[in-house]
Amino acid sequence: MLDPSPEDDGTSPTVSTPRFVGRDRETAALRSALARPPAIVLVEGEAGIGKSRLLREWLAAPDQRTALVSVCPPLRESLTLGPIVDAFLGIERPMPGLGLTELAGALRPLFPEWSSSLPPALSPLDDAKAARHRLFRALDELLRALRVDVLVLEDAHWADEVTLEFLLFVISRQQSDGLSLVISYRPEEVDDGSLLLRLTSRLPAGVTQLRIGLAPMRPDDTAALVSSMLDGNPISQEFTTFLHGRTGGVPLAVEESVRLMCDRADLVFRDGQWVRLKLRELQVPPTVRDSTRERVSRLSPTAQQVLRAAATLAERSSVATIAMTADLSPAACRGAIAEAAAAGVLDGDDRGRWRFRHVLAANAVYEAIPLTDRRHFHLLAGRALEHLHPPPVARLAHHFREARETASWARYAEQGAELAIASGDHTKAVDLLVDLLSWAVLPPVDRARVARIAGVAALGRREPVDEVYHRVVRALRSVLETPGLSARQQAEIRNPLGRLLITGGEAQAALSELEQAVANLDHDPFEAARAMTYLGWAYAGPWPASTHRRWLDRAAELTAQIDSPAQRLNLAGNRAAALLMLGEEEAWDVVAGMPLDGTTAAERLDVARIHVNVGTGALIWGRYADAEEHLAVAMRLAEAEQASRLQHNVRLEQANLAWNTGRWDGLAETSAALADADRDRPAHYLGSVRLAARLAAAAGRRRAAEEQFRLVLEESARLGAADDTMEAAAALARLWLTDGNGRRALKITNAPMDTVRRKGIWVWATDLVPARIEALLAVGDLTAAIRLADQFARGLRGRTAPAPRAALTVCRALLHAAVGDQSRAATAYDRAARAWSALPRPYDALRARERQAEALVAQGRIEQGRELLAAQYEQLFRLGARGDADRVAQRLREHGAEVPRLWRGGRRGYGDQLSPRELDVVQLVVAGKTNRQISRILAKSPATVDQQLRAAMRKLKVSSRTALAVKAVEAGVFAEEDSRDDAS
């Protein structure tokens, strides 16, 4: 449930033929030139650049002209005049009356199928040149007789020499109303002596000349082309940059790559745009692979060797480096590079460094290198790069890794990681080191050192929990199983591992690792104190608050030995947050001394983490103004440092603050967005689910709320996050109490209540204790309910925790009502409502007022109770708690009162516009079904499901499946069905 398939986030792409983009200027120039005949237009560009597409688009325009089109095939031996003959294939035979002279009889050998329409064959000539000239004249006469305006010859670089001679002949005879030529070719495949080069060198007067050189598309044109293939929906900027960088903006490479990714299900529609699931590497499409290998095969063996070396090096490299990698002399290498560059395969810069013009071409050549040869090429590449100063350590690590030279690989991987950490690229460092740990056979001492550095580097990453996180955690756990590690080595690995597990939500496992680490970190007081501080956090484990407090006190003793201000700040901030979680009043004194900024990026991130943790603690205490202030500081710093993971933390807590303080507008969308952003971080994903569950319960969507709260409760218990089980258990208990099922409500609160008692942290029990007391009263155990309220009061003694204290007042009101003292109950509920309002926590205040109204009615003050109940109905409705408002309305009717008439707006406008078929699809989306499952259930094609799902998303103005489900239920789309189900 915490790792949904990618299909849950979007629909499968339907690939269309790409739109013609990025060539407006070239198209206009082509049309302008051909509007002034006679003209000769040369269209040049590399393979796949879009020459044919440009000509097709021009030919499709509704201009009044006659055009003959032919393509030169890539035959080993070109057929004499074959392309010219093929251009006439669309003509069945010359029509009578064309006015062909006897000269046309020379065409009979070329067009035997026209023998009945052509003049008699001419006598053969002994002079081959004269015969060719006669044939050219006959072809020219045929073109003029057919009134051909434009002759188009594509891929002229493959044309035979006689065909090119004919084109030169036609140009030399151009007249003011003569034939125009459009010729496309690849300039890198035209030899110096080719007749193509003469086409524009000696033109008769009055001939319009144009040369169009097609360049690769720009990134924005690449995005437009891909979007046109995917139903016009936009693609993400990251995907655009990735695709353009690897295809070089060559349209054919872009198109084929998109089709390949769609075939592999690598694309997903998320948040209104297409994104690629794994932005790491792009496979070479077969068309690009085949065309690249065909071009390379025509080069000399030496040039092919150079290209294999350049493909192995993968980055711009000097002639000397390429020569060493190719095992060639510098002179031979220079000649081969020149040959490859002339063929348009390699590209140089002003510093004399060379690489493939396109990444996909390099990949195609690299993939063709036999595996047995690749290791040798990488070994030579590594040795060549070792001569550079400074040495490119990351590249060296890669090449020696591929060459299976473990010692060199390990040395350069560690150096590369060190440089990456120094430059702030912790992800790169983790990749280098985890790769080494996963595949190299290292001595235990080296393996332990690399693991420690990898763990520390992973802690410095700013990204959310992702595949890199999971890889490093797996690697560290694997290293800990290595025989022969000392206690100190294990501790230095367990310490960062434990902290990483906290980030990933594995609370119980984190404490286990940290507790084992602490005993052997005495050589590093700061790390020992930091580990102790984390052990002082009470979110997991069976320990009572006193044990957590002892860890914090031990950490404080070590802190006195530390001189570094930054380290002391880190420990003080963590201590403050841990004390808040324990419900210790002194935490606020520590918080008061916390800075609001830092002098370095690392300090700013540390300060941001401190403030978000303090904000979380303030929410638990019910000090919402403090929470807002600390979360604002944290967000400012997290945004300044572009720390995405930290920003997600802050946004979740700000959403919790908005829920508590009654600012519910947009919270459904916020919850959906948080769920999408934090799916890989269980604790935070569950936080977003908890937020959605609260909204569902308040709106009266009983089934959704129950399922979501169950998920939160079960997963939090599994992860060992004891504090996160409290609210979910209390919410489920309240749902079941409305059914009159006190025993079930009591049972669900057993484990969380045991945790509170065992730990002795009563500030966690704001939601839990009132629900538990109500359940005890429902099963008739007044004594246990009184005892629990007394325990709650003692646990809050001396603590300025407004939310738990307001909850305590609710508990006392429940007890007064249970013994029939409705007057004191009404007074206690009034005090509770005032306490909730002071926070402010309006939803709980309204529910307390509702109970106050019931108490007033119970003691005979019926009219006063009705008026108060009616007021709560209106305020609950406007807050967005429609489920609670409906319950109050029912109570008003039971008390003989009229329910105030409020405009409900019906279903939202876009909700009413869903067709019955779209409703079926959306219902199954809400039920968690994938597109394929919906297709099977409804007996529809996947394309139809996609279409109806997108229509529903458009009507409900959302861009993701998660938001669609939230919006559909929020809009009341399934209200009638829910009512029928509840009735049954």
Side-chain angles (χ1 to χ4, degrees), residues 30-42 55 58-59 61 63-72 79-123 125 129-154 156 159-184 195-196 198-200 202-210:
L30 177 62
R31 288 174 177 164
S32 175
L34 294 176
R36 294 175 281 121
I40 177 167
V41 180
L42 301 180
L55 298 180
W58 165 71
L59 287 167
D63 295 342
Q64 294 298 320
R65 61 175 175 270
T66 301
L68 291 184
V69 182
S70 183
V71 179
C72 300
L79 300 176
T80 302
L81 283 177
I84 301 301
V85 173
D86 289 345
F88 291 92
L89 291 179
I91 302 172
E92 292 185 5
R93 65 182 61 197
M95 295 179 294
L98 284 180
L100 293 174
T101 67
E102 291 183 357
L103 181 64
L107 299 176
R108 280 179 171 268
L110 296 180
F111 303 104
E113 66 272 27
W114 292 354
S115 59
S116 62
S117 301
L118 292 173
L122 301 178
S123 300
L125 297 174
K129 291 183 179 179
R132 183 178 298 178
H133 184 262
R134 187 171 68 180
L135 180 61
F136 286 176
R137 287 175 57 209
L139 283 170
D140 183 57
E141 180 179 297
L142 179 60
L143 288 170
R144 294 177 188 276
L146 292 171
R147 297 185 178 181
V148 173
D149 299 310
V150 184
L151 175 61
V152 179
L153 187 67
E154 295 193 56
D160 63 286
E161 192 164 299
V162 179
T163 295
L164 297 178
E165 285 181 349
F166 173 70
L167 296 178
L168 288 169
F169 174 81
V170 170
I171 292 171
S172 68
R173 296 166 59 89
Q174 293 285 32
Q175 301 174 4
S176 60
D177 60 345
L179 175 74
S180 292
L181 296 178
V182 177
I183 302 169
S184 73
L195 293 177
L196 263 178
R198 302 186 191 178
L199 285 176
T200 57
R202 296 178 183 176
L203 294 178
V207 175
T208 301
Q209 178 182 356
L210 174 66

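Residues Leu181 and Leu153 fail the side-chain proximity criterion, which asks for heavy atoms closer than 4.5 Å. When side chains are defined from C-beta on, Leu135 counts as touching Leu81, because their heavy atoms get closer than 4.5 Å. Looking only at side-chain heavy atoms (C-beta outward), Val71 and Asp86 stay at 4.5 Å or farther from each other. Counting heavy atoms from C-beta on, the side chains of Phe169 and Leu139 never come closer than 4.5 Å. Using a 4.5 Å heavy-atom cutoff, the side chains of Asp160 and Pro83 are in contact. Side-chain contact between Ile171 and Val207: absent, with no pair of heavy atoms (C-beta onward) separated by less than 4.5 Å. Inter-residue side-chain proximity for Ile84 and Leu110 is flagged as unmet; no heavy-atom pair is nearer than 4.5 Å. Within the 4.5 Å cutoff, the side chain of Leu68 has heavy atoms near those of the Leu143 side chain.
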Trace of the side chain to side chain contact (heavy atoms under 4.5 Å, CB included) decision for Leu34 with Asp149: CA-CA 9 Å; Leu34 294 176; Asp149 299 310; over 6 Å; no
Steps toward side chain to side chain contact (heavy atoms under 4.5 Å, CB included) verdict (Leu142, Phe111): CA-CA 12 Å; Leu142 179 60; Phe111 303 104; 4.3 Å; yes
Val182 and Val69: CA distance, side-chain angles, deciding distance, side chain to side chain contact (heavy atoms under 4.5 Å, CB included) verdict: CA-CA 9 Å; Val182 177; Val69 182; over 6 Å; no
Candidate pair Leu195 and Leu167, rule side chain to side chain contact (heavy atoms under 4.5 Å, CB included), full reasoning: CA-CA 9 Å; Leu195 293 177; Leu167 296 178; over 6 Å; no
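What you find for Leu103 and Leu122 is that their closest heavy atoms are O-CD1, 3.8 Å. Of all heavy-atom pairs spanning Leu179 and Pro38, the tightest one is O-CB, 3.6 Å. Residues Ala104 and Ala138 come closest through the heavy atom pair CA-CB, 4.3 Å. Here the closest non-hydrogen pair linking Val150 and Trp58 is CG1-CH2, 3.7 Å. The heavy-atom pair separating Ser123 from Arg134 by the smallest distance is O-NH2, 2.9 Å. Of all heavy-atom pairs between Ala156 and Ile183, the closest is CB-CG2, 3.4 Å.
Of the possible donor and acceptor atoms, none in the side chain of Arg147 sits under 3.5 Å from a partner among the backbone N and O of Thr66. Remark: side-chain polar atoms of Ser180 are paired, donor with acceptor, to backbone N or O of Ala39 under 3.5 angstrom. Without hydrogens or angle criteria, Glu141 side chain to Thr101 main chain gives a donor-acceptor distance under 3.5 Å.
For the atom pair Leu42 CG and Leu210 CG, the distance stands at 8.0 Å (nearest 0.5 Å). The distance from atom CZ of Phe166 to atom CG of Leu151, rounded to the nearest 0.5 Å, is 7.0 Å.
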